[in-house]
Amino acid sequence: MPVTYVLVHGAWHSGQCWAKVVPRLGASGRPVFAPTLTGYGESRHLLEPGTGLRTHTADVVRLLVEEDLRDVVLVGHSYAGMVISAVANEVPDRIARLVYLDAMVPEHGESALDALPAARGMLGEGWRVPPPAEPFGLFGVTDPADVAWLRTMLSDQAVRCLTEPVAMDHPALAAILRTHVHCVPKPEGVEPRPVPALQPNGEPSDVRELVSGHDCMITVPDELAALLLDVGDLHAPVPVGAGR
């Protein structure tokens, strides 16, 4: 059975940010879903102080259950590394692989602020966190047309998304394979959390790089789609008689 891709956007974005990648993955014949999390994009009017990691975890779990998705390659960009970790903890039997796409990689009980301490500098006095300004630019997107398009989908996020701890204590979670994708080169002062040499299941870690700004789904969609297809191929069934 072919894998299904579920692409989860990061903070301030919406599911629309995957628009260049979805058709490239879909051309392989594999199902692709790119939901917008509560409080972002077309649902920005639903943002409230209580919107947090649990809200977004429930969004994705609901999608997987209602669509009865299994053998899922669950891709989380940036903040969504928190989301996919929590989702896998709730429905590990539906997940084939987690892909941390230039993403936060938490441990059990950590918040986004623990996984990325630099994010503390984004907090103000209110409960809303607006998209960051310079010096990081618009998430590494420089093409004027892409910048204009990206600005149409950006919106605030709630502080609770950054402070709510993630649960990663399900015994089956350690068996799920993981791929870590780092966008390089990094802006000065930004360093990803080191990836251990071994995955929780004891296998060597799968760490890859993309030459791109942070929003690689916008800047290098062909390269990202090729990488995700390669990851999906790792779960393809072996044809009968192969290798004989």
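- For Ser43 (side chain) and Gly39 (main-chain N/O), a donor-acceptor pair under 3.5 Å exists by modelled atom type.
- Of the possible donor and acceptor atoms, none in the side chain of Lys20 sits under 3.5 Å from a partner among the backbone N and O of Pro221.
- For the atom pair Ile218 CD1 and Met153 CE, the distance stands at 5.0 Å (nearest 0.5 Å).
- The minimum heavy-atom distance linking Ile84 with Val99 is given by the pair CD1-O, 3.5 Å.
- Nearest heavy-atom pair across Tyr79 and Cys161 is CE1-O, 3.4 Å.
- Ion pairing between a basic and an acidic side chain is recognised when a charged N comes within 4.0 Å of a carboxylate O; Arg193 and Glu110 show such pairing.
- Of the charged side-chain nitrogens involved, none lies within less than 4.0 Å of a carboxylate oxygen, so that Asp71 and Arg30 do not count as a salt-bridged pair.
- By the 30° and 60° cut-offs, the orientation of the rings of Phe139 relative to Trp12 is tilted.
- The shortest distance between side-chain heavy atoms of Val195 and His182 falls below 4.5 Å.
- No donor-acceptor contact under 3.5 angstrom links the side chains of Ser205 and His180, judged on distance only.
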Step-by-step salt bridge (Lys or Arg N to Asp or Glu O under 4.0 Å) determination, Arg97 to Asp206: CA-CA 11 Å; Arg97 180 178 292 261; Asp206 181 23; 3.7 Å; yes

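- Proximity of a side-chain donor or acceptor of His235 to a complementary backbone N or O of Val73 within less than 3.5 Å is not detected.
- Between Arg44 and Leu154, the shortest heavy-atom contact is NH1-O, 3.5 Å.
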